[in-house]
Amino acid sequence: MRHTTRITALSALFVVAACSGEPQWTGTMVDSAGVQIVHNTDQGLWSAGEHWTLQEDLRIGAVEGQPDYQFGQVGFIAIGSLGQIFVMDAQAQHIKVFDAAGSYQRTVGSPGSGPGELAQAIFVLRTAGDTLVVPDMGNQRISRFAPTGEVLASTPIDIANGLPMVFGATLSGRIAMQVRPLSLPNRPAPDSLDRIIELRADGTIGDTLMVFPSGRSLDFGGSSPRMEVYGTEPAWDFADTHLYYAVNDDYRIGKYGLDGTLERIVTKPFERLPVSENDQSAVISFIEEAARAQGAPPTAIPMIRQMVQFGEFFPAFQSFATGPGNTLWVQQVQSAGDLTPEELEQYNLIEDQGSPDWDVFDDLGRYLGVVTMPPRFQPRVFTEEHVYGVWRDDLDVQYVMRLKVTGLPAE
């Protein structure tokens, strides 16, 4: 998540390049009722040797012998004002804190239901003063911790007002969440609209930033939950002065002011590919194996399988985020059916629906080219110069990895 909106040296670089005979942008920009529509082609602005690359400069983790550096299941990651790395371990239900060089500092929180204890926490977010904000669905509350680990307070989560789906934070510490209507006994959902809501520093509900139709990947409106893999789903990214929003059935990403005003639409051609039987088989195999690993009895497997449905086509993209220089990074989709048998052995539905390839657009919405992440790496946080995420080795052991973006223009 990013928070800058200035016109950077990146834009100036392209102006100079255009005047010096370097590759020309082949897209078009048109104004429609005050909204700038950027139509890109498949040809990027980067010429040979100009493509940005990613270079590993930090890896945190251990297979054995160093418990402070071992992770069970890495959830989300937050970055502190001094480069501290806060890692939510969703399996252990605690947060491990490392300094900018990767040295272990402390563990925050523990499993349970008492003050400072966590249950079913996946996200960790950093707000002003490096205060940690931890949404905890098991205890239905948002807990806050001082950067030194002390428990500050908690705020209840009322799921009757919507089930939190996704949380996001800017690098300056603003926090927002996406909530989806949830039908409860004797209290049906009021509508089928998701909302992006900003949270105040104390964890209470703030302004509604956007309202839009709910996606189909998770449906809580019937008698039982339903999951649609590769289903139509909204995506968003939150920054201090704007918000990106799109629905993944089309490569058409809108940039909005925080008052909800649409400012720009970024488009790029794409081919809508059908979901094959091989794709469905690979996904079902993963879900069944995951259910067994969680202790589901054999009789439950057919019921779990019946809850899973598939979209007819792959999405136009998997996710997007704001990166260095206020660039927009859009993750391509990966077909499970196209993976080799060796790759399928390590396939993880949660982490591997997205491709290692990311389309990158400048701060004006023009297509630059593709940046490829390392295999089995999924980003969690983008900053001015780095991408932080989770990498899995051949044994499926997880590590926190920091990648430096090389090739950035000098400020």
Side-chain angles (χ1 to χ4, degrees), residues 53-79 85-99 101-105 107 109-111 118 120-124 229 278-296 298 301 304 318-319 331-358 371-381 386-404:
T53 59
L54 298 171
Q55 180 178 348
E56 177 185 343
D57 72 354
L58 180 66
R59 184 184 304 187
I60 305 172
V63 177
E64 57 186 6
Q66 296 178 291
D68 291 338
Y69 291 86
Q70 294 177 351
F71 304 107
Q73 180 66 48
V74 176
F76 281 75
I77 299 169
I79 306 302
I85 305 168
F86 304 101
V87 183
M88 169 59 69
D89 191 320
Q91 183 181 86
Q93 287 298 290
H94 61 218
I95 303 158
K96 288 185 176 178
V97 184
F98 303 87
D99 66 17
S103 297
Y104 171 80
Q105 302 294 298
T107 296
S110 59
L118 306 171
Q120 298 180 30
I122 300 175
F123 292 89
V124 58
V229 182
N278 287 341
D279 294 311
Q280 297 184 27
S281 176
V283 169
I284 289 294
S285 295
F286 171 82
I287 292 174
E288 291 179 349
E289 184 59 33
R292 294 187 187 98
Q294 293 293 321
I301 301 301
I304 295 173
Q318 179 61 28
S319 64
Q331 187 179 28
Q332 300 178 16
V333 179
Q334 178 169 258
S335 166
D338 290 342
L339 300 178
T340 66
E342 293 76 16
E343 291 170 332
L344 281 174
E345 289 182 2
Q346 299 174 332
Y347 179 75
N348 184 309
L349 176 64
I350 298 172
E351 301 287 2
D352 295 335
Q353 286 192 54
S355 165
D357 293 333
W358 290 67
V371 172
T372 300
M373 304 278 181
R376 301 188 301 279
F377 174 87
Q378 280 297 325
R380 295 289 195 262
V381 180
H386 294 97
V387 181
Y388 295 78
V390 183
W391 177 76
R392 311 191 318 273
D393 68 13
D394 292 339
L395 300 176
D396 211 32
V397 176
Q398 294 189 338
Y399 300 78
V400 172
M401 183 179 287
R402 184 175 67 204
L403 307 175
K404 183 175 179 60

_Using the rule given for side-chain contact (heavy atoms from CB on, under 4.5 Å), can you reason through Val283 versus Gln353, listing the C-alpha separation, both sets of side-chain angles and the distance that settles it, and then say yes or no?_
CA-CA 10 Å; Val283 169; Gln353 286 192 54; over 6 Å; no
_Which residues pass the ring-ring contact (aromatic ring centres under 6.0 Å, His included) test with Tyr388, not counting sequence neighbours?_
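By the ring-ring contact (aromatic ring centres under 6.0 Å, His included) rule, Tyr388 matches no residue at all.
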_Going by ring-ring contact (aromatic ring centres under 6.0 Å, His included), name the residues that satisfy it together with Phe86, two or more places apart in sequence or in a different chain._
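Here no residue qualifies.
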For the pair [X] (side chain) and [Y] (backbone), establish whether a donor and an acceptor sit closer than 3.5 Å, ignoring hydrogens and angles.
| X | Y | answer |
| --- | --- | --- |
| Gln93 | Ala121 | yes |
| Gln105 | Ser103 | yes |
| Glu351 | Phe377 | no |
| Gln378 | Asp352 | no |
| Asp89 | His94 | no |

*Would you say the side chain of Trp391 lies within less than 4.5 Å of the side chain of Ile60, judging by non-hydrogen atoms?*
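Heavy-atom side-chain distance check fails, nothing below 4.5 Å.
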*Are the side chains of Leu339 and Gln334 in touch, meaning some heavy atoms are under 4.5 Å apart?*
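They are in side-chain contact.
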Kindly compute the distance separating [atom1] ([X]) from [atom2] ([Y]), expressed to the nearest 0.5 Å.
| X | Y | atom1 | atom2 | value |
| --- | --- | --- | --- | --- |
| Phe76 | Arg380 | CZ | CZ | 5.5 Å |
| Asp394 | Glu342 | CG | CD | 11.0 Å |
| Tyr104 | Lys96 | OH | NZ | 7.0 Å |
| Asp338 | Asp279 | CG | CG | 6.5 Å |

*Could you check Glu288 against Ile304 for side-chain contact (heavy atoms from CB on, under 4.5 Å), going step by step and ending with a plain yes or no?*
CA-CA 8 Å; Glu288 291 179 349; Ile304 295 173; over 6 Å; no
Which atom names give the shortest non-hydrogen contact between [X] and [Y], and what distance separates them?
| X | Y | value |
| --- | --- | --- |
| Ala92 | Pro111 | O-CD, 3.5 Å |
| Gly61 | Phe71 | CA-CE1, 4.1 Å |
| Leu58 | Ala101 | CD1-O, 3.4 Å |
| Leu403 | Pro374 | CD1-CD, 3.6 Å |
| Ala78 | Val124 | CB-O, 3.7 Å |
| Asp99 | Ile85 | O-CD1, 4.1 Å |

*Using the side chain to side chain donor-acceptor pair (under 3.5 Å) rule, collect all pairs that involve residues 57-72, keeping only residues at least two apart or in two chains.*
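Sorted pair list: Glu56-Arg59, Asp57-His386, Asp57-Arg402.
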_Sidechain N-carboxylate O distance under 4.0 Å for Arg376, Asp396_ =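 Here Arg376 does not pair with Asp396 in a salt bridge, since their nearest N and O are not under 4.0 Å apart.
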